[in-house]
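This report refers to the structure that appears directly beneath it.
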2 protein chains.
Amino acid sequence: MKLTKPTLLTDKEKCLNNIRKMANKAKKHNLIFRPHFKTHQSKDIGRWFATFGIDKITVSSVDMALYFAQDGWKDITIAFPLNINEIERINIMARDIDLHLTVLNPEAIDALNERLHYDVGIFIEIDTGGDRTGIPYTNTKEIRQMKEKISASPKLHMEGLLTHSGHTYQAKSRKEILKIHEETKERLMGVKEKIREKDEEILISTGDTPSCTLSDHFEGIGEIRPGNFVFYDLQQYKLGICSPEEIAVCLACPVVAKYEERSEIVVHGGAVHFSKDSFREEDQSVYGYGVILTDKDWSIPERKFILAKLSQEHGTLYVNPGIMEKINIGDFIGVLPVHSCLTADVMGSSTEVASGQHHIHMPK
Amino acid sequence: MKLTKPTLLTDKEKCLNNIRKMANKAKKHNLIFRPHFKTHQSKDIGRWFATFGIDKITVSSVDMALYFAQDGWKDITIAFPLNINEIERINIMARDIDLHLTVLNPEAIDALNERLHYDVGIFIEIDTGGDRTGIPYTNTKEIRQMKEKISASPKLHMEGLLTHSGHTYQAKSRKEILKIHEETKERLMGVKEKIREKDEEILISTGDTPSCTLSDHFEGIGEIRPGNFVFYDLQQYKLGICSPEEIAVCLACPVVAKYEERSEIVVHGGAVHFSKDSFREEDQSVYGYGVILTDKDWSIPERKFILAKLSQEHGTLYVNPGIMEKINIGDFIGVLPVHSCLTADVMGSSTEVASGQHHIHMPK
């Protein structure tokens, strides 16, 4: 493969290792492993999961569910609150596959009762502290009413309680992440005990990458749905979740200009390639959209070279003179992205599955 | 058209008005009008430009040039520094259309001399103060050497000097934008006088939307390349460039959850739909990714309702109780984007050309 333009490189071996580790953890704890495919959105990478025997997946939109259903996936959860305008497109899939939807208000159930033609499983989304979506875990009355409304419906099967503890991404330490994870479990178990009938099965489904990677305690949880772990990224590295060696994607960007006088290199690689998630160092001093790779192990150099500015198509890298002189116009530089999910989303089809290090110039 | 999922609505009438105004201004000042198509990246919208007799366009990548060349555009400038790895794909187009490339270093000329099969026009990119790409305007010697290198090449035709004064986007006032525009003209004219042979034609090409919209002084300039003006957006509105009525795109997002207790509404509409450009009010108090439309004129309400939080697929809107009670689960809310170019880029094919107001719920 010859690189010609900005290309997202996926290191297959690293991805397989990341998948294997998480699959083994799920097995060890007797958990259903339903990885979130919004991170890669790729049929090819989806098939790597299948080689580990994984046959249940999570997605975050009806579009994504259709995409993977077309590739043969037969058991899909859409872990995003039902958009009642899409029930027609849900019917297309619900006939042929095991489809699971996420609801959090009675309007959604009413719309399903009215327009759904086939059976689906239903998760009630619970907000355990993330403050984004879900019925607040304290609101047991409303959750119980939802469960009853679901049970009363001929086509809907009450499956369980689902949460995404997205606030682990804002945590300042591994300890804080583990605390959120413990809290999440406790709150979900509390809800479950309050709403279940005797002997009733209610599945607890959780699954942010930080908690699933760090924790070894999943008592009460039946299913995990992490997604980002397949690639990891700088955000996860900075949270202490992964090592640099586990980051499995980099964006290969061609150098188009060099400015020695201001220690800057400009690449074709902008907001339309990286998206615009950024990071700060602990001292708030450095702000950037990515870090340049300088050696074949994709390790992060101590003195970091930062993707410091982004416009629509341009990326500006800060480098020191030692690196500057090793980089030529036309070289492909590898940049580790801050948030791999968004980078993979904007790059779409311009993704190459490869051992990235063979194709990019390592200025060390 | 029935909306079912997050959709970018383009108000055709507003777009046509925006195009007409800019085309008339170019005509009045005897300028070549070569609009930048990176904003919309749409064949359909490209054809609206053609109805005004426009036949020269600007793009920012080889991919985009190929896309529009396939739709019949015959005169295209790629206003991004040449990526020397893409010369093979440039050859595909250079045979059939008038192609103009942007260069700023001798390596690019060497690579073209070696691998280009057909004639192309060349612009030298000049940095007039934007500090992104281009040879600094003060570096006359280097610019003259580049010109001579281009003239010595059999396939390359020296066309002119090209700049993008992107620093107008950081300006704090209309006055400051006009000052940058005057400075840009002066600096480019200075370079031109220093490098031209007697009677030599050197085209001056500029063209950021802020300068082109506000200024009425284009002496010395031969060509303008604005792009954003076709849609405008909140960023341009906050810079004082456009009125709210001129903003021609909004993202229609379905409501999936309501939280009266925290005055929040959650829509399907996240970073993968809006991208992540944000704005601040002058007092730094409010931070957001978009503003909700409340009436059919797409005016911006005095008390703004803000798209305050974005994750990959979720958008969280802050609203007051008066608006909350008028919005139901499943309604489509219109959100004006902060940066229409990036929003249009991530939305890709999910764009509908329509008079938007007929399809979205206006809670006023």
Side-chain angles (χ1 to χ4, degrees), chain A residues 2-6 38 60-63 80-86 88-89 104-108 111 125 127 131-134 136 166 169 254-259 261-262 264 266-268 270-272 275-278 309 311-314 316 328-330 332 339 341-342 345-346 348 350, chain B residues 2-6 38 60-63 80-86 88-89 104-108 111 125 127 131-134 136 166 169 254-259 261-262 264 266-268 270-272 275-278 309 311-314 316 328-330 332 339 341-342 345-346 348 350:
Chain A
K2 188 179 173 296
L3 293 175
T4 61
K5 58 180 181 173
K38 83 183 168 84
S60 55
S61 67
V62 174
D63 282 346
F80 185 88
L82 177 72
N83 165 14
I84 60 173
N85 303 283
E86 290 188 292
E88 274 177 46
R89 296 168 72 231
L104 41 66
N105 45 43
E107 290 92 332
E125 186 180 359
D127 180 353
D131 264 6
R132 190 173 66 180
T133 45
Y169 282 73
V255 173
V256 296
K258 287 174 67 176
Y259 297 95
E261 60 286 8
R262 50 179 213 250
E264 289 181 1
V266 180
V267 296
H268 190 198
V272 300
S275 180
K276 283 197 104 165
D277 265 358
S278 55
K309 291 186 279 187
S311 43
Q312 183 162 349
E313 303 271 351
H314 301 70
T316 301
N328 296 310
I329 299 292
F332 275 82
H339 189 179
C341 306
L342 292 187
D345 178 76
V346 288
S350 297
Chain B
K2 190 180 171 296
L3 293 174
T4 60
K5 59 180 180 172
K38 83 182 169 80
S60 55
S61 69
V62 175
D63 282 346
F80 186 88
L82 177 72
N83 165 14
I84 61 174
N85 303 284
E86 288 188 292
E88 274 176 47
R89 297 168 72 232
L104 40 66
N105 45 44
E107 290 91 333
E125 187 180 358
D127 180 353
D131 265 7
R132 191 174 64 180
T133 45
Y169 282 74
V255 172
V256 297
K258 287 174 67 175
Y259 297 96
E261 59 287 8
R262 50 181 213 250
E264 288 181 2
V266 179
V267 296
H268 189 198
V272 300
S275 179
K276 282 197 107 167
D277 266 357
S278 55
K309 291 186 279 185
S311 45
Q312 183 162 349
E313 304 270 351
H314 300 70
T316 301
N328 296 310
I329 299 293
F332 276 83
H339 189 177
C341 305
L342 293 185
D345 179 76
V346 289
S350 296

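Labels below follow one simple rule: chain letters A, B, ... track the order of the sequence lines, proteins then strands, and each chain is numbered from 1. Atom set for the values below is all heavy atoms of this structure, side chains included, hydrogens, waters and symmetry mates excluded.
Note on B/Arg132, B/Lys38, B/Lys258, B/Glu107: by heavy-atom pairs under 4.5 Å with chain A, the leading option is B/Arg132. Of the listed residues (A/Gly270, A/Ser278, A/Gly134), the greatest number of heavy-atom pairs within a distance under 4.5 Å of chain B belongs to A/Gly134. Chain A forms more heavy-atom pairs under 4.5 Å with one residue of B/Lys276, B/Lys309, B/Arg262 than with any other, namely B/Arg262. Counting heavy-atom pairs closer than 4.5 Å to chain B, the top residue among A/Glu264, A/His339, A/Glu86, A/Gln312 is A/Gln312.
Note: A/Ile329 CD1 to B/Leu104 CG = 7.5 Å, rounded to the nearest 0.5 Å. Expressed to the nearest 0.5 Å, how far CG of A/Asn85 lies from NZ of B/Lys5 amounts to 12.5 Å. In this structure, OG in A/Ser60 is found 3.5 Å from CD in B/Glu313, a value given to the nearest 0.5 Å.
With a 4.5 Å cut-off on non-hydrogen atoms, A/Val266 touches chain B through its side chain but not through its backbone. Both the backbone and the side chain of A/Asn83 come within contact range of chain B, judged by heavy atoms closer than 4.5 Å. Interface residue B/Asp131: backbone and side-chain heavy atoms are both found under 4.5 Å from chain A. At a 4.5 Å heavy-atom cutoff, B/Val62 makes no contact with chain A through either its backbone or its side chain. Neither the backbone nor the side chain of B/Glu125 comes within contact range of chain A; no heavy atom of the residue lies under 4.5 Å from a heavy atom of that chain. Within the 4.5 angstrom heavy-atom criterion, only side-chain atoms of B/Asn105, from C-beta onward, approach chain A.
Put simply, the side chain of B/Arg89 never gets that close to the backbone of A/Thr4: no donor and acceptor are under 3.5 Å apart. Here the side chain of B/Tyr259 pairs no donor or acceptor atom with the backbone of A/Thr133 at under 3.5 angstrom.
Proximity of B/Leu342 to A/Val272: side-chain heavy atoms (C-beta onward) are separated by under 4.5 Å at one or more points.
The two atoms that bring A/Val267 and B/Phe80 nearest to each other are O-CZ, 4.1 Å, heavy atoms only.
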